[in-house]
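Before any comments, here is the structure.
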Amino acid sequence: MADKAELKIDGKAYELPVVHGTEGDSGIDVSELRSKTSYITYDPAFGNTGSCQSAICYIDGEKGILRYRGIPVEQLAENSRFIETAYLLLFGQLPTEAELNWFSAGLTENAALHDDVRHFFYGFPSTTHPMVILSSVVCALSGFHPTPKDPAEDDEVYKQTAIKLMAKVRTIAAYSYKRSIGQPFIYPRRDLKYCANFLHMMFSLPYEDFNIDVDAERALNILFILHADHEQNCSTSTVRLVGSARANIYASIAAGISALSGPIHGGANQDVMEMLEEIHQAGGNIDSYLSEAMIPNSSKRLSGFGHRIYKTYDPRAKIIKEYCHKILRKHKGTDPLLEIAMKLEERALREEYFIKRNLYPNVDFYSGIVLKAIGIPTNMFPVMFAIGRLPGWITHWKEMRESKPAKIGRPRQIYVGPERTDYVPIDIRK
Ligand code: ACO
């Protein structure tokens with residue numbers, strides 16, 4: 001493989017170094033391009049730009065491969081629990097039994113919110129989207145849990161901050177739901193595991209404990225594992241960029257949550273359900289919906305289809321599709337929305353439009369159906385994504401801060417506005 005690339009501009013040749021990753025990825029290092037040539041690279045939406053070297057997550061979008069710290073996501077979904085996978089991401093390797101017990105105890109210890117944090121929830125109108133509440137309250141946590149030292153510079157502070165975030169985000173998420181339906185907050189229980197405790201805080205009532213279904217708990221574990229990291233996506237890049245300004249870790253994660261709330265990122269699972277519902281309400285007419293989504297430049301898209309990186313079936317969609325069938329067979333029989341989803345997928349995959357553009361179902365296409373089956377309301381879907389993605393965000397924040405040189409992120413631009421124009425006083429302006 002080449003170690004150098006040559007670039008010719010205005011008849012002059014420049015040598016650029018090439019960097020190689022462990023799985024055969026290669027990138028042309030343009031970090032000194034401007035100082036050497038006065039040119040910059042132009043890559044809107046960063047589709048061809050590597051912003052960092054990272055050892056956390058590997059994706060091969062053409063082959064449908066996703067690995068965390070080298071381990072295939074299929075193996076993790078099959079054998080691991082969310083908190084074990086989170087540990088793998090946060091601390092770089094699978095935990096021993098003692099390490100997992102330490103982590104688990106830390107999550108239990110930190111699950112409750114400072115009592116004053118409750119007041120934040122009452123400040124929001126009850127119609128506020130739970131993602132808005134989540135990002136605001138996470139940002140506010142920095143006031144309640146200021147870190148004694150910078151977590152990027154002290155391992156013990158990093159560990160404790162990671163644990164606090166992981167433990168409290170789940171509680172904030174459940175509280176935001178309780179607030180939206182006007183029910184009292186339910187405190188976390190010490191005897192429940194991570195996902196079971198979340199279901200308890202979501203669905204229990206005072207003096208009436210929710211009966212936690214083991215399949216629902218397993219489904220949540222799988223969904224969180226599948227969402228735990230996805231390298232330099234929009235929200236993770238946001239966390240890294242905000243953190244690169246030395247913003248505190250809570251503010252950086254809150255920014256990531258805001259990015260994730262967008263309907264073409266983490267809000268897509270909610271969009272998928274709304275699309276399936278819309279088709280269902282209109283008598284299940286898949287063809288007319290598909291035709292509209294296939295009009296070039298149409299504002300209507302087939303939600304849950306397409307991905308910037310995957311140009312084949314999203315490996316996460318494969319896992320969740322299988323699980324989706326299993327859970328619905330076991331608990332609910334056949335859901336009409338699942339039937340529509342299956343038909344829609346089958347029809348879309350046969351369409352020239354989708355084939356030509358390599359558009360396949362992504363993880364959001366099925367995750368909403370699983371969430372619905374276990375009783376999670378639609379507006380909480382992006383929040384579920386955020387809980388799952390949290391260990392990835394924290395890990396990337398740390399990795400970015402430890403990178404050398406850890407410079408502030410600052411893209412450039414090609415200016416296309418007016419040339420120099422003189423100021424015109426208002427009384428003579430036309
Ligand atoms: N339905 C219909 N057409 C689509 C879709 C879709 N879901 N996705 C892409 N296309 C078309 C585009 O119109 C474009 O067509 P053109 O070449 O004729 O102009 C072509 O496919 C390429 O699309 P881009 O928007 O350039 O692809 P990009 O990589 O920028 O976007 C994205 C990826 C945002 C995910 C897009 O596919 C999309 O909007 N999908 C629907 C929303 C969704 O499911 N988002 C979840 C993403 S996964 C995640 O965040 C977990």
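Side chains are part of it too, since the values below use all heavy atoms of this structure and drop only hydrogens, waters and symmetry mates. In this chain, residues are counted from 1 in sequence order. All ligand and atom numbering here is 1-based and tracks the order in the structure.
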Return yes or no for this condition: an N or O of [X] is under 3.5 Å from an N or O of ligand 1.
X	result
Lys311	no
Val363	no
Arg301	yes
Tyr353	yes
Asn297	no

May I ask you to identify the nearest protein heavy atom to [atom], giving residue, atom name and distance to one decimal place in Å?
atom	answer
atom 51 (C) of ligand 1	Asp364 OD2, 3.4 Å
atom 50 (O) of ligand 1	His265 ND1, 3.1 Å
atom 29 (O) of ligand 1	Arg308 NE, 2.8 Å
atom 35 (C) of ligand 1	Gly306 O, 3.7 Å
atom 40 (N) of ligand 1	Phe305 O, 2.9 Å
atom 48 (S) of ligand 1	His307 CD2, 3.4 Å

When you look for heavy atoms under 4.0 Å from ligand 1, do you find them on the side chain of Asp271, its backbone, both, or neither?
neither

Check each heavy atom of Arg357 against ligand 1 and say whether those closer than 4.0 Å belong to the side chain, the backbone, both or neither.
side chain

Under 4.0 Å, counting heavy atoms only: does Phe385 come that close to any atom of ligand 1?
yes

Under 4.0 Å, counting heavy atoms only: does Ala293 come that close to any atom of ligand 1?
yes

Measuring from [X]:[atom1] to [Y]:[atom2], what's the distance to the nearest 0.5 Å?
X	Y	atom1	atom2	answer
Arg316	Leu223	CZ	CG	11.0 Å
Met342	Ile286	CE	CD1	11.5 Å
Arg81	Glu217	CZ	CD	8.5 Å

Would Tyr122 and Phe185 count as a close aromatic pair, with their ring centres under 6.0 Å?
yes

Show which atoms of ligand 1 fall inside a sub-4.0 Å distance from at least one heavy-atom site of Ala268.
43 (C), 44 (O), 45 (N), 46 (C)

Using a 4.0 Å cutoff against the non-hydrogen atoms of Gly304, which atoms of ligand 1 qualify?
43 (C), 44 (O)

Does [X], at its [atom1] atom, have more than 12 non-hydrogen atoms belonging to other residues, nucleotides or ligands within less than 6.0 Å?
X	atom1	answer
Ile264	CD1	no
Glu23	CD	yes
Arg350	CZ	yes

Thinking salt bridges, do Lys398 and Asp155 make one under a 4.0 Å N-O criterion?
yes

For residues 387-394, dump all side-chain donor-acceptor pairs below 3.5 Å to protein atoms at least two apart in sequence or in another chain.
unit_1, atom_1, unit_2, atom_2, d
Arg389, NE, His227, O, 2.6
Arg389, NH1, Asn233, OD1, 3.4
Arg389, NH2, His227, O, 3.3
Trp393, NE1, Ser235, OG, 3.2

Right, does [atom] have protein non-hydrogen atoms nearer than 4.0 Å?
atom	value
atom 38 (C) of ligand 1	yes
atom 19 (O) of ligand 1	no
atom 27 (O) of ligand 1	no

Counting heavy atoms only, which of Asp314, Leu260, Ile264 comes nearest to atom 34 (C) of ligand 1?
Ile264

If hydrogens are left out, which of Leu302, Asn358, Ile295, Leu359 has an atom nearest to atom 7 (N) of ligand 1, that is, the closest non-hydrogen atom?
Leu302

For residues [X] and [Y], is any side-chain donor paired with an opposing acceptor at under 3.5 Å?
X	Y	answer
Ser298	Glu292	no
Tyr366	Glu345	yes
Thr96	Glu99	yes

Check side-chain hydrogen bond (donor to acceptor under 3.5 Å, both in side chains) between His307 and all other residues, then give those that pass, not counting sequence neighbours.
none

